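So you know, we letter chains A, B, ... as the sequences are listed, proteins then strands, and number each from 1. None of the values given here were measured: they were computed from a predicted structure.
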Amino acid sequence: MFANSHLTDDILRIAEDNNHSRDTCSFLRGTVGAVINNYMPMPDFLIATSLYCHGSAQTFYSLSKKYNRPFYYIDVPYDYNRPYAIDYVAKQIENIMLKMADNCKREFNINKLKTAIEYSNQARDYYVEVNELRKNKPTPMLGGEAIDYAIMLAHTFGCKEMVEICETLYRELKGRVDSRIGSLDEERHRILWRQLRPYYTLAPLEYLERKHRAAIVFEEANHVYWERMDPEDPFRSLARKLLSNYGFGEVQRWLDSTKSFVVDYSIDGIVEFAHWGCRFLSASTQMLKDALRDKDIPVLILDGDCIDRRDYSDGQIKTRIDAFVEILGRKKRLKG
Amino acid sequence: MGKGKVLLIDDNEIVLRAIEKLLIKEGYELTVIDDGKKALEVIKNISFNLIITDLRMPDFDGIQTIEKIRQIQAESKSSLSKFMIITAYPDADVFDKVSRLNIYRFMIKPFDKDIFLDAIEKCLDVKEGMRGEKSDFWETFGNKKIIDDFIAKQTEYNKRLIIQKGLPILGWNNTYVPEEIIIAAGFIPYRVMGASIPISLSKTYLSGNLCSNVQSVLECGLNGDYNFLDGIIIGGSTDVTKRLYDAWVRYANVPFGHLFDIPKRFDENAIIHYRESICFLIEEIEKYFKTKISGLNIAEAVSICNKSRKLLTGLNALRKTANPPVTPQQFLEICKLAMTGDKNSFNISLANLLDKIKPEAGEKEGFRILLTGSFQDQPWLLDVIESCGGIVVCEDLCTRYRYFSGLAREGSDPISAIAERYIKFKAPSATFVSQDERAEYLLDLIKEFKIGGVIYHILKFDDPYLFEFPDIKETLSGCGIPVLRIETEHNTTAVGQIMTRIQAFMETLKSGNPRRETAGCNK
């Protein structure tokens, strides 16, 4: 949000002035700066999981001390297939929910949780269909629009409104597919987008799509990786959802799902926006390239920062995209 | 009766006569013999206060002579003699053998007449019986030589283990990987660390914005430096080490690979999680190596690891003194030896070393520094701090204190005991979400080791420490403790710049005069 509004320069600087290194993830550094500048509302509590990012838990823990508010932490085992894992995570979720209710001086109502899970399932079902529709040629929706739905995926599943949003989106895309309306007048290449985007500009995505007619037909961040949940078994269902996050665990799990996207979405090339502060994602790049070698899929890595625009170089990014699209074109010509 | 009964054994006629003349003149009752075997007969009839023996003699050398005499005296319950060895060939092998004998004195020929007489006088001036009397052995060489020789010997021993390859060797990378399980499986645990070599191969597989230690470790793996390993266990303590595992099993040559999952909190959940990780590791080792790890094996391994921890804690405690007998460089090497070889042999040798180290008199000049932060296994930083006027007396690092601190409970349910040790009792690292607990424990160390200033060392891109630092700095500074943050890379650091910053830090310490005064909070 701050990056979209170009407010990040200030908040990043103030965090750096307070000993937060510029080498850390700017999502987190920006959050710290925003807290220092009093841009954030006072939370009732803070919560983090061990999925993906170590720094987020440390940052939230630190902020909980500053706010003098409780910090809750869900420890998700890396060995997600171990027999103990589901019950272990479920128990933590249950305990934390009870503590949250207590902290907010409310009674914990299991029925409300069941309702939220019902809504989550309904939204999920529509979103799975949306992703199915996006496999069509020509693509009914571009990545430049779709990528920001990932934020909703993370924050609003379980709300009634999310069901309506997902349903509306589904109907819109269904209409486009049924009428064979593409998002571009010409779809030269089909791109899979990895990771997030620079939130202060849409330029790289628009450049790919508008200038080169390389449609971003799917983004990994929009993948619905979890199964439907059972409202009668809410804690274990939520635990299963956390444990089924394909980005967590051995890298092979992630590579397998990327490979399946390549087939399912008829992908010609992959573009990854490698967020500077994200070790976990950056560290898998070469393994991804190797895994896709047999599929002969070019991969473009755009090094950058999702939040910090201070080092962003539009010219450089565009030059690299030009070269990448040139490779895609050559490959297409060779294939006839 | 003269000043005391002395037996002199030496096959060199000239030495024999020279010492004979000297000691008789001084009033000692002297018996001279040119052969160790003959001495065994003589001691059956005469009780000597002191036996001086040459080391190298035909048939029966000085060490055999001493051992045999001790045996005879013990069996006959006659009074025990003290021993002094004199030799013209003091090589490292000899030194090691002699050091295990616990004799009164070791002297190198030719020696100063007055020192020799003084040593004998002091020896006979004390009550009968050598057992329980502190050896003056160290006076010959001093702590530095004794410790250096220990390091040289043990390094050689660890190297031989790799070459001879008697037992399988399993690599590990992180102090949250339980060495106990590796030992219980009958294997040797060996910590994989990076080296001072340029990083090139690993950059092909891991991106440049990752911790340089991880890059360096992978570089060594890809270079084949760890081809002697039968497998590797990577502790998944950070986002990057998890990817190190992925890269290692894909690109480095390793028959067995396992990622050991590590929780990030200290609560009861973490113990359950850690326990499960141990059980998974045991299953995997048993399956791959077709072996069985019993509860008894694990209990024994707990005891062996505890022994190492106790000994290293004992050695570290000597550094609390005003003039630490162990240098930080030596301490680093000793800890590395503990992590890269057979623990049983290490324990015996270190126990022996601890017996010999004596407190140093006086006070070492310099500011007492606590070094904390990221992985650090190179002596250069210690050298730089020393050259700027600091003495590193404690390292809150995973290659030192955080490796050996905290014991596991010995007794029933050893798997739970191991889990409790790693989660509850071991000094925590920043890979745990625990800035408050970390700050508190650092304050304890600051008090205990009378620290004047803290150097917080971060390897570039090492997230846990980058994220932790602001909170730690705030707490320590709030308690009036000066903190310097330095950032380096594992292999390529501009030493000049670091030195300038440390020099400036020392200047600030000087102006605050914090030497030996701990400005810690009243906890």
Practice prompt. Let me see the working for B:Asn269 and A:Tyr73 under side chain to side chain donor-acceptor pair (under 3.5 Å), right down to the final yes or no.
Written response: CA-CA 11 Å; B:Asn269 281 329; A:Tyr73 180 74; over 6 Å; no
Would you mind checking which part of [X] comes under 4.5 Å of any heavy atom in chain B, side chain (CB onward), backbone (N, CA, C, O), both or neither?
{"X": "A:Leu28", "value": "side chain"}
{"X": "A:Leu51", "value": "neither"}
{"X": "A:Ser282", "value": "both"}
{"X": "A:Asp79", "value": "both"}
{"X": "A:Tyr84", "value": "side chain"}

Top of [options] for chain A proximity - count of heavy-atom pairs under 4.5 angstrom:
{"options": "B:Lys242, B:Arg265, B:Lys473", "result": "B:Arg265"}
{"options": "B:Asp436, B:Thr204, B:Leu210, B:Ile272", "result": "B:Asp436"}
{"options": "B:Ile458, B:Leu206, B:Leu259, B:Thr238", "result": "B:Leu259"}
{"options": "B:Ile262, B:Val240, B:Asp471", "result": "B:Asp471"}

Worksheet, complete the sentence: Taking every heavy atom of A:Asp75 against every heavy atom of B:Pro263, the minimum-distance pair comes out as OD2-CB, 3.7 Å
Response to the item:
Note: B:Arg485 and A:Ser21 closest approach over all heavy atoms is NH2-CB, 3.8 Å
Worksheet item: Who among A:Leu281, A:Asn19, A:Val251 has the most heavy-atom pairs with chain B under 4.5 Å?
Response: A:Val251
Practice prompt. Flag the one option from A:Ser50, A:Ser284, A:Ala48 with the top tally of heavy-atom pairs under 4.5 Å to chain B.
Written response: A:Ser284
Discussion item. When you compare the side chain of A:Pro77 with that of B:Glu276, does any pair of heavy atoms fall below 4.5 Å?
Written reply: no
Worksheet item: Any side-chain heavy atom of A:Glu250 within less than 4.5 Å of one from B:Tyr245?
Response: yes
Worksheet item: Say you draw a straight line from CG of A:Asp303 to OG of B:Ser207; how long is it, rounded to the nearest 0.5 Å?
Response: 8.0 Å
Response to the item:
In this structure, CG of B:Asp239 is separated from SG of A:Cys25 (nearest 0.5 Å) by 10.5 Å
Practice prompt. Give the C-alpha distance, both sets of side-chain angles, the deciding distance and a yes or no for side chain to side chain contact (heavy atoms under 4.5 Å, CB included) between A:Asp23 and B:Asn209.
Written response: CA-CA 8 Å; A:Asp23 288 331; B:Asn209 62 338; over 6 Å; no
Practice prompt. Give a yes or no on whether a salt bridge exists between B:Asp463 and A:Arg279, defined as a side-chain N under 4.0 angstrom from a carboxylate O.
Written response: yes
Does atom [atom1] of [X] have more than 12 heavy-atom neighbours, drawn from other residues, nucleotides or ligands, at distances under 6.0 Å?
{"X": "A:Lys259", "atom1": "NZ", "value": "yes"}
{"X": "B:Glu437", "atom1": "CD", "value": "yes"}
{"X": "B:Gln497", "atom1": "CD", "value": "no"}

Discussion item. Go through it in stages, so that I can follow the logic: the residues are B:Phe469 and A:His20, the test is side chain to side chain contact (heavy atoms under 4.5 Å, CB included), and I'd like the CA-CA distance, side-chain angles, deciding distance and then a yes or no.
Written reply: CA-CA 8 Å; B:Phe469 177 73; A:His20 290 266; over 6 Å; no
Please classify the contact between [X] and chain A as side chain, backbone, both or neither, with a heavy-atom cut-off of under 4.5 Å.
{"X": "B:Glu474", "answer": "side chain"}
{"X": "B:Glu283", "answer": "side chain"}
{"X": "B:Ala430", "answer": "both"}

Item to complete: Check the side chains of B:Arg250 and A:Gln286 for a donor-acceptor pair under 3.5 angstrom, ignoring hydrogens and angles.
Response: no
Item to complete: Examine the side chains of B:Tyr205 and A:Asp290 and answer whether a donor and an acceptor come within less than 3.5 Å of each other.
Response: no
Worksheet item: Which residues, numbered in order, of residues 54-71 of chain A come under 4.5 angstrom of chain B by heavy-atom distance?
Response: A:His54, A:Gly55, A:Ala57, A:Gln58, A:Thr59, A:Tyr61, A:Ser62, A:Lys65, A:Lys66, A:Phe71
Worksheet item: Does NZ or CZ of B:Arg243 fall inside the cone over A:Phe280's six-membered ring, less than 6.0 Å from its centre and within 45° of the axis?
Response: yes
